[in-house]
Amino acid sequence: MAHPKSRISKQRKRKRRTHYKATAPALTTCQTTGELHQPHRAYTDSEGNMYYNGNLLVKAPEIVVESDDTTTEDED
């Protein structure tokens, strides 16, 4: 098992790690929907449809809203 010959100080360790930075992901705009998304990834639009490479992969299920006409308001 490997063991260091001497201890590495916090300052020395942190100086070495200063170059490891998180970068913001690249974003592209879809020509079909106009949505911002990461390239080479499937994405959903505001309606819930899933797209990849400008093509529709999965259509979002349509939500059926039943109107409830049994409620009436009393007007006294």
Side-chain angles (χ1 to χ4, degrees):
M1 196 185 256
H3 292 289
K5 190 166 189 173
S6 62
R7 182 180 175 136
I8 295 176
S9 67
K10 294 176 190 173
Q11 182 181 17
R12 188 176 180 124
K13 175 174 56 175
R14 290 173 183 163
K15 280 182 182 178
R16 184 179 66 243
R17 292 181 179 170
T18 59
H19 303 290
Y20 301 128
K21 298 182 176 100
T23 58
L27 296 177
T28 58
T29 305
C30 178
Q31 295 177 353
T32 307
T33 61
E35 297 280 332
L36 279 176
H37 65 92
Q38 288 183 332
H40 307 287
R41 302 262 193 308
Y43 62 96
T44 57
D45 64 353
S46 58
E47 298 172 359
N49 299 323
M50 184 176 285
Y51 287 88
Y52 179 75
N53 200 15
N55 299 322
L56 180 65
L57 290 180
V58 180
K59 186 164 177 62
E62 294 186 20
I63 300 172
V64 178
V65 179
E66 296 180 14
S67 61
D68 190 16
D69 293 334
T70 59
T71 59
T72 58
E73 296 180 15
D74 278 355
E75 294 181 13
D76 289 330

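What you see is a predicted model; the values in this text were computed from it and never measured.
Summarising the geometry, atom CG belonging to D45 is positioned 11.5 Å from atom NE2 belonging to H37; distances are rounded to the nearest 0.5 Å. Taking NZ from K13 and CZ from R7, the interatomic distance works out to 7.5 Å, rounded to the nearest 0.5 Å. A distance of 7.0 Å separates NZ in K21 from NE2 in H19, rounded to the nearest 0.5 Å. T44 OG1 to N49 CG: the interatomic distance, rounded to the nearest 0.5 Å, is 9.0 Å.
Linking Ile, Leu, Val, Met, Phe, Trp and Tyr whenever their side-chain heavy atoms come within less than 4.5 Å puts Y52 and V58 in one cluster. In this structure, Y43 is not a member of the same hydrophobic cluster as L57, with clusters built from ILVMFWY side-chain heavy atoms closer than 4.5 Å.
For R14, the CZ atom is loosely surrounded, since the number of other residues' heavy atoms within 6.0 Å does not exceed 12.
The closest side-chain heavy-atom distance from T29 to E35 is not below 4.5 Å. Side-chain atoms of Q38 and L27, non-hydrogen and from C-beta on, do get closer than 4.5 Å to each other.
For the residue pair P39 and A26, the shortest heavy atom distance occurs at CD-O, 3.2 Å.
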